[in-house]
Each structure stands twice: as C-alpha cells, then as structure tokens.
Amino acid sequence: MAAAINEFPVGALVVLNDQVIGEGMNQKESLGDPTAHAEVMAIRDACNRVGDWRLSGSILVTTLEPCPMCLGTILQSRVSEIVYLAKDLRWGACGSVMDFSNHSALNHRCQLTYLPNETVVGLMKIFFKDQKKR
C-alpha cells in the first residue's frame with residue numbers, strides 16, 4: 001500500500017492477545033512528516049484504539065528493522081517484542097547498525113525476533129529500482 005502512494009514500502013502491525021490493535025505504513029512523503037514511519041504510525045493507531053500510551057505485552061511486527069527513532073518510540077510505548085523481516089543496513093537499530101533494544105541504562109527492554117523474508121527484501125529492491133527510473 002505504501003509503494004502505491006510512492007512511499008518506501010514498509011508496513012507495521014501492533015498485536016496484543018492475538019488481535020491486531022494498530023496498523024501503520026510509511027507516510028513520510030505524503031504527510032510531509034519525518035516521524036511518519038510505519039512503526040510510529042502503528043503505535044499511534046494502537047494507542048488511540050486502546051486509550052493508553054502503554055502497550056505492555058504487545059508485539060510490533062514490521063517489514064523493516066526499526067530505525068533509532070522508531071526503536072525509541074517502541075521502548076517508550078512499552079512494546080514487549082519486535083518482529084522484523086528485513087535488516088536495515090543504513091539505519092537499523094536492532095543490531096544491524098546499533099542495538100539499544102536491551103541497553104542496561106534504559107528502564108524498558110524488548111525481545112527481538114528477526115525472520116528473514118526474501119519477498120519483502122525483493123519488494124524494497126523493486127521500489128528503489130523504480131525510483132531511480134523516475
């Protein structure tokens with residue numbers, strides 16, 4: 001959906017008790033908002049739906065490894081686990097470039113699960129190839 005509106009194709013879900021409570025996709029370009037990453041949008045949606053900024057016990061599933069801003073938002077909202085499908089070798093804050101998901105100085109930590117998905121990586125490569133053509 002994000003690629004269809006000329007956004008980098010990243011999507012995210014927040015899941016709690018096997019229910020999707022938040023959804024998001026990149027909208028940085030369309031909203032003119034540098035914070036409109038898929039993870040942040042999904043967390044905003046989840047917080048609005050549950051009526052609280054705390055998402056303890058939830059799992060954030062995202063197609064791309066979160067950046068430092070997104071990881072900060074994830075930790076602030078008390079998400080318990082991150083599942084991501086592609087590494088971000090430029091901005092990844094879950095181990096590819098840096099990792100503060102379990103930093104001892106922070107009062108919240110989250111579990112990381114990396115599930116490599118070549119389909120997701122392929123879609124991202126196609127998006128960048130198409131962008132270069134434009």
Side-chain angles (χ1 to χ4, degrees):
M1 289 172 50
I5 60 168
N6 206 31
E7 295 279 357
F8 183 55
V10 178
L13 300 172
V14 179
V15 179
L16 181 64
N17 300 323
D18 296 323
Q19 299 288 320
V20 174
I21 60 167
E23 302 175 36
M25 66 178 185
N26 273 4
Q27 297 179 60
K28 191 164 86 169
E29 298 295 334
S30 56
L31 295 178
D33 180 353
T35 69
H37 289 201
E39 300 88 343
V40 172
M41 302 305 282
I43 288 170
R44 286 177 184 163
D45 187 37
C47 291
N48 285 333
R49 288 188 196 188
V50 300
D52 194 354
W53 62 268
R54 292 173 194 86
L55 301 174
S56 301
S58 68
I59 300 168
L60 183 125
V61 181
T62 182
T63 53
L64 184 64
E65 178 181 2
C67 72
M69 176 189 70
C70 291
L71 189 54
T73 304
I74 290 163
L75 294 173
Q76 287 287 333
S77 63
R78 309 303 192 259
V79 167
S80 298
E81 181 178 359
I82 302 166
V83 176
Y84 63 101
L85 308 179
K87 291 188 177 204
D88 186 339
L89 302 178
R90 289 182 36 211
W91 287 95
C94 295
S96 291
V97 177
M98 64 195 78
D99 183 4
F100 62 97
S101 63
N102 289 292
H103 196 284
S104 62
L106 301 175
N107 69 338
H108 181 72
R109 292 162 187 82
C110 60
Q111 179 181 337
L112 298 177
T113 303
Y114 171 51
L115 299 174
N117 185 301
E118 288 305 315
T119 302
V120 167
V121 172
L123 290 172
M124 291 177 185
K125 287 179 180 178
I126 289 168
F127 177 81
F128 280 124
K129 186 177 177 182
D130 290 346
Q131 289 291 68
K132 287 180 183 178
K133 288 179 185 176
R134 293 180 187 170

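FYI, the numbering just counts along the sequence from 1. This structure is a prediction, so every number in the text was calculated from the model and none was measured.
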According to a 4.5 Å side-chain heavy-atom criterion applied to Ile, Leu, Val, Met, Phe, Trp and Tyr, with indirect links allowed, do Trp91 and Met69 form part of one hydrophobic cluster?
no
Criterion side-chain contact (heavy atoms from CB on, under 4.5 Å) on Leu71 and Phe100, from CA distance to verdict:
CA-CA 8 Å; Leu71 189 54; Phe100 62 97; 4.0 Å; yes
Supply the members, apart from Met41, of the Ile/Leu/Val/Met/Phe/Trp/Tyr cluster built from side-chain contacts under 4.5 Å; use none for a lone residue.
Leu31
With side-chain contact (heavy atoms from CB on, under 4.5 Å) as the test, would you mind laying out the steps for Gln27 and Asp33 before giving the verdict?
CA-CA 8 Å; Gln27 297 179 60; Asp33 180 353; over 6 Å; no
Scan the side chains in residues 119-127 for donor-acceptor partners under 3.5 Å anywhere in the protein, sequence neighbours excluded, and list what turns up.
none

Under the salt bridge (Lys or Arg N to Asp or Glu O under 4.0 Å) rule, collect the residues that match up with Arg109, sequence neighbours excluded.
none
Is any side-chain heavy atom of Ser80 closer than 4.5 Å to one of Gln111?
no
Measuring from Tyr84:OH to Thr113:OG1, what's the distance to the nearest 0.5 Å?
9.0 Å
A side-chain contact here means heavy atoms from C-beta on lying under 4.5 Å apart; do Asp88 and Arg90 qualify?
yes
Thr62 versus Ile82, closest heavy-atom pair with distance:
CG2-CG2, 4.5 Å
Does the side chain of Thr73 pick up a donor-acceptor pair with the side chain of Glu39 at under 3.5 Å?
no
Does the Thr63 side chain pair with the main chain of Gly11, one donor and one acceptor, at a distance under 3.5 Å?
yes
Looking at every heavy atom in both Leu112 and Ser101, which two are closest together, and how far apart are they?
CD1-OG, 3.2 Å
If you look at every heavy atom in Met25 and Ile5, which pair is closest and at what distance?
CE-CD1, 3.6 Å
Over all atoms of both residues, closest heavy-atom pair of Ile21 and Arg49
O-CD, 3.0 Å
For Cys94, is there any backbone N or O sitting under 3.5 Å from a side-chain donor or acceptor partner on Glu65?
yes
Show the nearest heavy-atom pair for residues Pro68 and Ala93, with the distance to one decimal.
N-CB, 3.6 Å
If the test is side chain to side chain contact (heavy atoms under 4.5 Å, CB included), which one of Asn102, Leu75, Ile59 qualifies with Cys110?
Leu75
When you measure from the centre of the six-membered ring of Phe8, is the NZ or CZ of Lys28 closer than 6.0 Å and no more than 45° off the axis?
no
Do the side chains of Val50 and Leu55 get nearer than 4.5 Å, heavy atoms only?
yes
Evaluation steps, side-chain contact (heavy atoms from CB on, under 4.5 Å), between Glu7 and Ser30
CA-CA 8 Å; Glu7 295 279 357; Ser30 56; 2.9 Å; yes
Short side-chain to backbone donor-acceptor contact, His108 and Val79, under 3.5 Å:
yes
Would you indicate whether the side-chain heavy atoms of Leu60 and Leu13 approach each other to under 4.5 Å?
no
CD1 of Ile43 to SG of Cys70: how many Å apart, nearest 0.5 Å?
7.5 Å
Value for CG (Leu115) from CG (Leu85), rounded to nearest 0.5 Å, stands at 6.0 Å
Can you check whether Arg78 reaches Trp53 side chain to side chain, under 4.5 Å on heavy atoms?
yes
Take Val15 and Val83 through the test side-chain contact (heavy atoms from CB on, under 4.5 Å) and record every step on the way to the result.
CA-CA 11 Å; Val15 179; Val83 176; over 6 Å; no
